[in-house]
Number of protein chains: 2
Amino acid sequence: MVQIPRTPTSADVARLAGVSRATVSYVLNKAGAVRISEATRRRVHEAAEELGYVPHAAARSLRAGHSRTVLMPAPAFPAGPLYGQFLSDLQGALGRLDYTVVQHGTAGPHGDTAARAWAELRPVAVLVPAPGLGPEGVRVLKRAGARAVVTLGPEAVEGAHALLMDHAAVGHHAARHLYERGRRRIGVVVPEEPGLALFSAPRLDGARRALAGTDATVTALPLAYEEPAAARLAARWSGLGLDAVFAYNDEYAMLLSRALQDEGVRIPEDTAVIGADDLMLGRLLRPRLSTVHIELPAGRELAALVDRAVRDPAAPPERHRVLGARVVHRESS
Amino acid sequence: MVQIPRTPTSADVARLAGVSRATVSYVLNKAGAVRISEATRRRVHEAAEELGYVPHAAARSLRAGHSRTVLMPAPAFPAGPLYGQFLSDLQGALGRLDYTVVQHGTAGPHGDTAARAWAELRPVAVLVPAPGLGPEGVRVLKRAGARAVVTLGPEAVEGAHALLMDHAAVGHHAARHLYERGRRRIGVVVPEEPGLALFSAPRLDGARRALAGTDATVTALPLAYEEPAAARLAARWSGLGLDAVFAYNDEYAMLLSRALQDEGVRIPEDTAVIGADDLMLGRLLRPRLSTVHIELPAGRELAALVDRAVRDPAAPPERHRVLGARVVHRESS
DNA sequence: TTGAAAGCGCTACCAA
DNA sequence: TTGGTAGCGCTTTCAA
């Protein structure tokens with residue numbers, strides 16, 4: 001059996017190089033303040049190389065009194081391609097600013113209990129998707145040294161920066177569009193997947209509010225992301241008497257469109273359909289799918305916000321509406 | 001300005017409760033070995049509560065000499081829905097086993113340089129997708145105390161456990177299927193997205209090998225995930241003289257099918273099409289898309305493997321072929 | 001039943 | 001130019 005040697009420490013490097021631990025630290029961190037002779041410097045580097053020395057991040061940040069850890073709890077909802085791309089962008093951008101992103105798998109009951117678990121990691125900043133955090137949680141995190149807490153979701157939380165993603169706007173745009181195209185009896189698909197309620201509720205609500213006070217009606221249509229469910233909905237379509245549907249997003253739109261077409265419903269003549277997210281998918285459907293294009297902020301912008309907040313934790317919380325929505329009209333509506 | 005108080009430490013709790021730090025530690029960690037009077041216990045809990053004390057994970061693991069951190073570098077390729085689901089499952093499962101998942105945003109040049117950065121975090125285990133790590137990297141990580149290194153990808157790395165995801169099998173199954181359906185001039189789509197070469201190359205290769213020695217030919221078809229590119233490919237389709245195509249995955253299959261149909265190519269009469277991934281999407285196409293269903297391991301199985309390896313680091317590296325592939329025949333082939 | 005103290009690995013201050 | 005050393009927050013012997 002090969003005995004794996006103990007992890008080398010800076011003391012080991014110092015011993016091998018014949019210098020003190022302080023000197024090792026100076027050399028390896030290229031401290032500008034102190035000048036080290038070229039010879040010593042080389043000896044230290046060689047020793048570190050030979051031992052395969054790697055500094056211990058936890059020890060370092062314990063000593064420093066702060067870390068470069070940005071904590072991002074995993075979202076409670078299934079991340080679609082759009083949001084996934086956004087997260088991965090963001091992660092890259094933060095990495096480039098020299099932060100270490102820790103994606104904590106939302107341990108237990110999300111709420112202020114989770115905040116405690118996050119606080120144990122003493123992150124310098126925390127990025128929380130959607131609900132997941134109350135004012136008390138923000139306080140816990142700040143007391144644990146978090147210099148910035150940013151929420152991503154529909155509403156702001158006291159004490160935290162907020163990137164407001166207003167999904168009501170998506171429903172609003174979709175509904176207005178259908179209305180302007182002359183539709184009056186409008187269905188709105190509400191996915192039955194529990195995690196999506198976070199988005200579907202505001203989208204439905206946005207549609208409702210967009211048409212309040214008009215002669216149009218809005219009907220909620222619960223739908224699971226499965227063919228049989230779509231078929232059942234399509235089977236009772238004529239009874240519903242709808243002339244348009246906002247299908248939550250492009251994927252649901254495809255699911256429902258297919259079921260409707262199989263049922264002989266003509267799109268858009270009998271029923272107009274509009275999705276959301278502007279996926280490639282929609283462009284490939286026939287008729288081409290109208291959609292609400294959603295613009296998420298670039299990862300680097302958000303990373304910059306985090307960085308700013310970390311540098312100046314005393315600054316008042318920023319609120320940004322970051323969800324841009326606009327209708328892309330194609331053939332299905 | 002509200003002055004945020006310094007982060008409370010266990011010493012603060014001890015002071016407030018009028019006991020020693022040792023006692024605080026005993027109480028808060030429910031140490032079984034020592035018995036603390038109920039009264040003291042309560043005082044400590046109250047003090048901790050009042051101060052909002054949260055232990056410092058880094059200090060704790062520094063003292064303990066090990067962490068419960070599992071490091072997962074972000075994959076270098078865009079994660080599709082399948083792989084994304086797998087990762088998120090895995091993350092959940094590890095969390096349930098009380099590990100903290102750190103998703104490190106593959107800092108710089110992936111390779112053994114990255115391994116150094118990862119080693120700084122002293123993870124107890126490392127899960128590396130695809131290439132990203134050589135034998136030297138494994139050594140660095142192990143020397144830094146990683147008790148388990150697991151690679152997820154096409155090939156094993158010396159010294160590390162391997163979950164072998166053999167994408168050649170996907171190509172193999174697709175090609176065999178097309179061959180058995182009587183097709184002989186078979187195209188294989190190769191996405192132009194650079195990150196996907198990791199998968200597309202073995203899939204193409206698997207198709208080639210499946211048909212080696214037969215009278216069938218295999219033609220690589222580079223394709224970008226954009227409509228115009230697909231249209232261009234479709235325009236020269238008849239010139240290619242192909243009677244079947246394995247379209248890399250369901251999304252590319254949809255893109256290409258649409259372009260072919262717009263060009264008047266009949267599916268499957270003129271050209272058979274098969275995708276991969278078995279997405280809902282494919283079931284909604286007309287004709288329904290044949291596909292290679294890919295089975296990834298359940299997150300909990302992989303989590304269990306990691307846990308086993310952590311508990312017994314001396315055990316020899318395990319190799320598991322974890323990518324199950326089987327053809328789902330529908331209408332497009 | 002509780003407390004004192006050592007030490008995990010690191011950096012930064014102060015001396016030499 | 002280099003070394004000694006204190007101390008970040010925590011747990012865990014050993015003593016009392």
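The shown structure was predicted, so the numbers you read here are calculated from the model rather than taken from an experiment. Order of the sequence lines fixes the chain letters, A, B, ..., with proteins taken first and strands second; residue numbering starts at 1 for each chain.
- Atom CG of A/Asn29 and atom C1' of C/dC10 are 9 Å apart (whole Å).
- Within the nucleic acid shown, B/Ser25 comes within 4.0 Å of at least one base atom, counting heavy atoms only.
- B/Phe199 and B/His167 have tilted rings, their planes meeting at an angle from 30° to 60° on a 0 to 90° scale.
- Between A/Pro55 and B/Ser20, the one whose closest nucleotide on DNA chain C sits nearer the 5' end is B/Ser20.
- For a distance-only test at 3.5 Å, the side chain of A/Tyr26 qualifies as a donor-acceptor partner of the base of C/dC13.
- Rounded to whole Å, the distance from NE2 on A/His66 to P on C/dT11 is 12 Å.
- Considering only the side chain of A/His56, C/dG9 comes nearest among C/dG9, C/dT2, D/dC10.
- Of all nucleotides listed (C/dG3, D/dG9, C/dC10), C/dC10 comes nearest to the side chain of A/Arg21.
- Of the residues near DNA chain C, B/Gly18 and B/Gly65, the one whose nearest nucleotide (by heavy atom distance) lies more toward the 5' end is B/Gly18.
- Of all nucleotides listed (D/dA6, D/dT2, C/dG3), D/dT2 comes nearest to the side chain of A/Ile36.
- A/Arg42 has its CZ atom 13 Å from the P atom of D/dT2, to the nearest Å.
- Looking at heavy-atom distances under 4.0 Å, A/Ser61 makes no contact with the nucleic acid at all.
- Between A/Thr40 and D/dT1 there is no side-chain polar atom (N or O) within less than 4.0 angstrom of OP1 or OP2.
- The phosphate of D/dC10 (OP1 or OP2) has a side-chain N or O of B/Tyr53 nearer than 4.0 angstrom.
- Each of D/dT2, D/dC8, D/dT11 was ranked by its minimum atom distance to the side chain of A/Ser37; first place goes to D/dT2.
- What separates CZ of A/Arg15 from P of C/dC10 is a distance of 12 Å, to the nearest Å.
- Rounded to whole angstrom, the span from the CZ atom of B/Arg43 across to the P atom of C/dT1 amounts to 14 Å.
- Between A/Asp12 atom CG and C/dC10 atom C1' there is a gap of 13 Å when expressed in whole angstrom units.
- Candidate nucleotides D/dA6, D/dT11, D/dT2 were compared by shortest atom distance to the side chain of A/Thr23, and D/dT2 ranks first.
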